[in-house]
Visitor: 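Before we start, here is the structure in question, set down as structure tokens.
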Amino acid sequence: MHYIAERLRVPPQSAEAAVPARPPVSAGDCGLLLIRLTFGVVMAGHGLQKLFGWFDGQGLAGTAKGFEMLGYSPGKVFAAICGASEFLGGVGLALGLFTPLAAAALIGVMINAMATVAGAHGLWEQQGGIEYNLGITVVALGVAAIGPGRLALDRFFRWGSGGWAEAALALGLGGVGAAIVLSL
């Protein structure tokens, strides 16, 4: 009888056996890579337009004139800060490198654009509204909150998994940066 009871007993499972194995790369990881690459490369290119005139951009001198017309003085300094934020934030987002900081750079620039240029024109892009800027802001904040995924350089760091703290850091730094620039 004891022999039968022992044979019917389920052997204890190790913690590793109880958790199903996660595939090395999930559809979510690939989806995050697609989002990061698309928005990151577009924003990096946007920054290169401002900094160097690449991709039919105005370059630093032309962008500086536009910034001065908006009331930013000296325009060249603010154009350089904006272009560098877009370029570095875009590269960081695309690579999934220092993702909360990359998101903060993009969020700060987009808040500033909404406050100074697009906000007066409503929501829709056809009228010059905030639609584009809002989309970039939400994507950057969402990637900071979710984390960049396994196909990112940040996967080796604690902040690579995203979370409330990373999202708060991105939104907080972006908001503070925008507030400082808007107050100057």
Side-chain angles (χ1 to χ4, degrees), residues 29 31-60 62-64 66-67 70 72 75-119 125 129-184:
D29 294 320
L32 280 168
L33 177 64
L34 181 63
I35 291 167
R36 286 191 356 259
L37 284 175
T38 301
F39 283 89
V41 168
V42 167
M43 289 308 299
H46 206 67
L48 291 173
Q49 287 178 318
K50 286 179 176 65
L51 294 172
F52 305 112
W54 294 7
F55 313 114
D56 296 322
Q58 296 180 3
L60 199 53
T63 304
F67 272 72
L70 292 170
Y72 292 102
K76 200 168 199 173
V77 170
F78 286 98
I81 290 170
C82 180
S85 295
E86 288 176 347
F87 175 71
L88 294 173
V91 168
L93 194 69
L95 296 175
L97 180 62
F98 302 117
T99 303
L101 297 179
L106 297 178
I107 289 168
V109 169
M110 293 300 113
I111 289 172
N112 205 310
M114 287 185 274
T116 58
V117 179
E125 181 66 28
I130 66 169
E131 177 184 9
Y132 170 77
N133 307 114
L134 184 61
I136 296 291
T137 301
V138 171
V139 166
L141 181 58
V143 170
I146 295 167
R150 266 198 245 183
L151 300 174
L153 296 176
D154 275 348
R155 72 181 178 277
F156 300 113
F157 302 106
R158 188 198 68 71
W159 61 83
S161 60
W164 287 110
E166 289 78 0
L169 178 72
L171 185 59
L173 284 178
V176 166
I180 290 170
V181 170
L182 288 168
S183 71
L184 297 176

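Basis for what follows: all heavy atoms, side chains included, without hydrogens, waters or symmetry-related copies. Please read all numbers here as calculations on a predicted model, not as lab measurements.
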Visitor: Please list, chain by chain and in numerical order, all residues satisfying side chain to side chain donor-acceptor pair (under 3.5 Å) with Asp154, sequence neighbours excluded.
Guide: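 Asp154: side chain to side chain donor-acceptor pair (under 3.5 Å) contacts with Thr99, Trp159.
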
Visitor: Could you tell me the separation between the CG atom of Leu134 and the CD atom of Glu125, rounded to the nearest 0.5 Å?
Guide: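 Leu134 atom CG to Glu125 atom CD measures 11.5 Å (nearest 0.5 Å).
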
Visitor: Provide the closest heavy-atom pair for Pro148 versus Gly160 in the form atom of the first, atom of the second, distance.
Guide: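 In this case the closest contact between Pro148 and Gly160 is CD-O, 3.1 Å.
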
Visitor: About how many Å separate CG of Leu95 and CG of Leu151, when rounded to the nearest 0.5 Å?
Guide: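 CG of Leu95 is found 12.5 Å from CG of Leu151.
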
Visitor: Can you see which heavy atom on Thr137 is nearest to which on Asn133, and at what distance?
Guide: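 Minimum heavy-atom contact is OG1-O, 2.8 Å.
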
Visitor: Any non-hydrogen side-chain atom of Ile136 less than 4.5 Å from a side-chain atom of Met43?
Guide: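 Result yes, sub-4.5 Å side-chain heavy-atom pair found.
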
Visitor: Measure across Thr63 and Ala79 and return the closest heavy-atom pair with its distance rounded to 0.1 Å.
Guide: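 So the two residues come closest at CG2-CB, 3.6 Å.
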
Visitor: If you look at every heavy atom in Pro100 and Ala144, which pair is closest and at what distance?
Guide: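 It is CA-CB, 4.5 Å.
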
Visitor: Can you name the nearest heavy-atom pair linking Ala118 to Gly129, along with the distance?
Guide: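 Looking at all heavy atoms of both residues, the shortest contact is CB-O, 3.4 Å.
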
Visitor: Within this structure, what is the CZ-CG distance for the pair Arg150 and Leu33, rounded to the nearest 0.5 Å?
Guide: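 So the CZ of Arg150 and the CG of Leu33 are separated by 13.5 Å.
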
Visitor: Would a distance-only check, ignoring hydrogens and angles, find a side-chain to backbone donor-acceptor pair under 3.5 Å from Ser183 to Ile180?
Guide: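 Indeed, once roles are kept as given, a pair shorter than 3.5 Å links the two residues.
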
Visitor: Determine yes or no for a side-chain-to-main-chain donor-acceptor pair under 3.5 angstrom, with Arg155 supplying the side chain and Gly96 the backbone.
Guide: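 Absent.
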
Visitor: Which side chain to side chain donor-acceptor pair (under 3.5 Å) pairs, counting each pair once, include a residue from residues 162-179, with sequence neighbours left out?
Guide: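 Pairs touching residues 162-179 that pass the test: Arg158-Glu166.
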
Visitor: Looking only at heavy atoms, what is the nearest atom pair of Gly75 and Phe67, with distance?
Guide: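 Nearest heavy atoms, Gly75 then Phe67: O-CB, 3.9 Å.
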
Visitor: If you draw a 6.0 Å radius around CZ in Phe157, do more than 12 non-hydrogen atoms from other residues or ligands fall strictly inside?
Guide: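 Yes, the 6.0 Å shell around CZ holds more than 12 heavy atoms from other groups.
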
Visitor: Evaluate the side-chain proximity of Phe39 to Val143: yes if any heavy-atom separation is below 4.5 Å, no if none is.
Guide: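 No, their side chains stay 4.5 Å or more apart.
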
Visitor: Mind listing the side-chain donor-acceptor pairs of residues 101-117 below 3.5 Å, one per line with the distance, residues two or more places apart or on another chain?
Guide:
residue, atom, partner, partner atom, Å
Asn112, OD1, Tyr72, OH, 2.5
Thr116, OG1, Asn112, O, 2.8

